[in-house]
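Accompanying notes for the structure given below.
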There are 2 protein chains.
Amino acid sequence: MSLILPQKTAPSCRDAEATKSRILDAAEEEFAKNGLRGARTEAIAANTGVTKAMMYYYFSDKEGLYQAVLERAVRRRVSAMQKVDIDGEAKTALRDLISALIDEASHNQNLPAIFMYEGLQNQGRFYAQISITSVYAPIVQVLERGIETGQFRKVDPLHTAINMVGICVHYFCSAPNIKHLFPPGTDLYGPEMLEQHKKEAVELAVASVLLR
Amino acid sequence: MSLILPQKTAPSCRDAEATKSRILDAAEEEFAKNGLRGARTEAIAANTGVTKAMMYYYFSDKEGLYQAVLERAVRRRVSAMQKVDIDGEAKTALRDLISALIDEASHNQNLPAIFMYEGLQNQGRFYAQISITSVYAPIVQVLERGIETGQFRKVDPLHTAINMVGICVHYFCSAPNIKHLFPPGTDLYGPEMLEQHKKEAVELAVASVLLR
DNA sequence: GTCTATACGAGGATAGAC
DNA sequence: GTCTATCCTCGTATAGAC
């Protein structure tokens, strides 16, 4: 019984793109957990299946890797927001935008943490180059239209958009803190809880602007 | 002109309590910027006026210092929330709670970051011992009462309380990110901006639950 | 393209004088 | 109680073989 055991994750089969994306995945995980400063290149490599040296081969240094992770993350979130049709009724469009944001965070749970860290720890340095506008812009537009058409209260669209994003992401970013508020054993990332978070968030967002 | 120059911050005058609290202040600042892992004991000492050795004299290690900072931070936030009179009309009580939370974050801008980091980076490990319940409990109570008395929609009180805290703190935690959304040079911590954030947040929170 | 081995600086922690 | 000097691990990054 002396079979040759496979490598813990995947064979090193000289596929550049595959390797790069494996590194990006592991790095995203680590940066989401610990931020740029707290992340350990060692830990990234360990979860990658390839060695630390490869990281430096493809991404020149830790910061380069971080930036690549961030760029991919922004691309994903922007694309999730832009898939939403915002040209219909303002109320529906708002509901769909909030849903999309939460669905996307539920699907890729690293993103909220990645963005939060970028602000907290990195002072939004890379955001300056990347332009986060495209994430907030659709919400702002829908709010503006809702106000014009008389469906929504006269809120400040930008502040309100920021507050709505706050509703969506705080649940994810604070999950380890707020889990103590729920019955022991509750899984905040379980399907029922995610569904309820989405429901409550969507209803709260819509109710908060809809004219009575 | 060979005057003896004063120490950069304060004299080392053998006052234990004063020294401890100076260390705590500097540590809070550093932990708020970088989190437990990212924080540098060197940096804390540098802003303290006393040496690194003193840190280890009073707080056994980096983790001990972190825990002390967190405990003080929780005490402050809980006390800010408990000062609010929540026994009057539900709508007023809710408005006052949200105001208090934002005022407190405006006053001590490290707290939102400290709590966010505790969840993101430290998996809420210290929260388990400290009990964060007292921060959310007043909001939950007020929401429950508002629902009972028929003033508020039938929301889930806990989820909604979490979402409302999200509204309050996201502005602060994401400040370096979202500042790119405002005209260049806007100071998100300036009095006008803070006032507007409070106004928008309070109105949004109240409108989101008030029955039409 | 991928690996092993290692250089080197940063940073947490302590010893011991005053 | 406070300081200076130092230890030593950990973690980023590179050299060089395959």
Side-chain angles (χ1 to χ4, degrees), chain A residues 4-31 33-70 117 121-122, chain B residues 4-31 33-70 117 121-122 125-126:
Chain A
I4 293 159
L5 291 168
Q7 275 305 92
K8 56 179 161 186
T9 28
S12 9
C13 52
R14 284 175 177 270
D15 178 342
E17 280 315 306
T19 305
K20 272 177 79 166
S21 111
R22 291 176 52 136
I23 294 174
L24 276 178
D25 289 342
E28 182 181 287
E29 198 81 27
E30 175 72 4
F31 285 130
K33 272 198 205 123
N34 299 304
L36 173 55
R37 248 178 121 158
R40 299 289 169 249
T41 56
E42 191 83 38
I44 297 173
N47 294 326
T48 301
V50 297
T51 64
K52 216 169 20 167
M54 286 313 294
M55 271 180 35
Y56 289 94
Y57 176 72
Y58 285 114
F59 309 91
S60 54
D61 57 6
K62 197 186 176 187
E63 278 218 348
L65 180 54
Y66 175 75
Q67 183 143 20
V69 166
L70 199 67
Y117 267 123
Q121 207 175 50
N122 208 32
Chain B
I4 293 160
L5 291 169
Q7 276 303 94
K8 58 179 161 184
T9 28
S12 10
C13 53
R14 285 175 176 269
D15 179 341
E17 280 315 305
T19 306
K20 272 177 79 166
S21 109
R22 291 175 53 136
I23 294 174
L24 275 178
D25 289 342
E28 182 180 288
E29 198 81 26
E30 175 72 4
F31 285 129
K33 271 199 206 122
N34 300 303
L36 172 56
R37 245 177 124 157
R40 297 291 167 245
T41 57
E42 191 84 35
I44 297 174
N47 293 327
T48 302
V50 297
T51 63
K52 212 171 25 164
M54 287 312 296
M55 271 181 34
Y56 287 92
Y57 176 73
Y58 285 115
F59 310 90
S60 54
D61 58 5
K62 198 186 177 189
E63 279 218 346
L65 180 55
Y66 175 75
Q67 182 143 20
V69 166
L70 198 67
Y117 267 123
Q121 208 175 49
N122 208 32
R125 236 170 293 157
F126 288 107

Look at all strands and tell whether Ala39(B) reaches a base, only sugar-phosphate, or nothing, counting heavy atoms closer than 4.0 Å.
-> sugar-phosphate
Between the two end axes of the helix from dG1(C)-dC18(D) to dC18(C)-dG1(D), each built from 5 base pairs, what angle do you get to the nearest 10°?
-> 0°
Whichever of Met54(A) and Gly38(B) has its nearest DNA chain C nucleotide further upstream toward 5' | Met54(A)
Spatial distance of atom CD1 (Ile23(A)) from atom CG (Leu65(A)) [nearest 0.5 Å] = 7.5 Å
Distance in angstrom units between Ile44(A) CD1 and dT12(D) P, rounded = 8 Å
Lys20(B) NZ to dG1(D) C1', straight-line distance once rounded to whole Å | 13 Å
Among dT14(C), dT4(C), dG1(C), the one nearest Ala53(B) by side-chain distance | dT14(C)
Taking atom CD of Glu17(A) and atom CZ of Arg22(A), what is their separation to the nearest 0.5 Å?
-> 14.0 Å
Given atom CZ of Arg37(B) and atom P of dC10(D), what is their separation to the nearest angstrom?
-> 12 Å
Thr51(B) has a side chain; which of dC3(D), dG1(C), dG1(D) sits nearest to it?
-> dC3(D)
What are the two closest heavy atoms between Phe59(A) and Ala68(A), and how far apart are they?
-> CE2-CB, 3.7 Å
Given atom CZ of Arg40(B) and atom C1' of dG11(D), what is their separation to the nearest angstrom?
-> 10 Å
In whole angstrom, what separates Leu36(B)'s CG from dG12(C)'s P?
-> 10 Å
Are Lys52(A) and Glu42(A) close enough that some pair of their side-chain heavy atoms sits under 4.5 Å apart?
-> yes
Atom OH of Tyr56(A) to atom P of dT4(C): distance rounded to whole Å?
-> 16 Å
Measuring from Lys62(A):NZ to Arg40(A):CZ, what's the distance to the nearest 0.5 Å?
-> 5.5 Å
Interatomic distance, Ile44(A) atom CD1 to Met54(A) atom CE [nearest 0.5 angstrom] = 14.5 Å
Lys52(A) has an atom NZ; how far is it from atom C1' of dT6(C), in whole Å?
-> 10 Å
When rounded to the nearest 0.5 angstrom, what distance separates CG in Asp25(B) from NZ in Lys20(B)?
-> 13.0 Å
Residues which pass ring pair (Phe, Tyr, Trp, His ring centres under 6.0 Å) with Tyr66(A), listed by chain and number, not counting sequence neighbours | Phe31(A), Phe126(A)
Near-strand residues of residues 58-67 of chain A, defined as heavy-atom separation under 4.0 angstrom from DNA chain D = Asp61(A), Lys62(A)
Taking only side-chain nitrogens and oxygens of Thr41(B), does any of them come within less than 4.0 Å of OP1 or OP2 of dG11(C)?
-> no
Rounded to whole Å, the CE-C1' distance (Met55(B) to dA13(C)) equals 9 Å
Closest heavy-atom pair, Ala26(B) versus Thr48(B), reported as atoms and distance to 0.1 Å, is CB-OG1, 3.4 Å
Distance test, side-chain N/O of Thr19(A) to OP1/OP2 of dT2(C), below 4.0 Å | yes
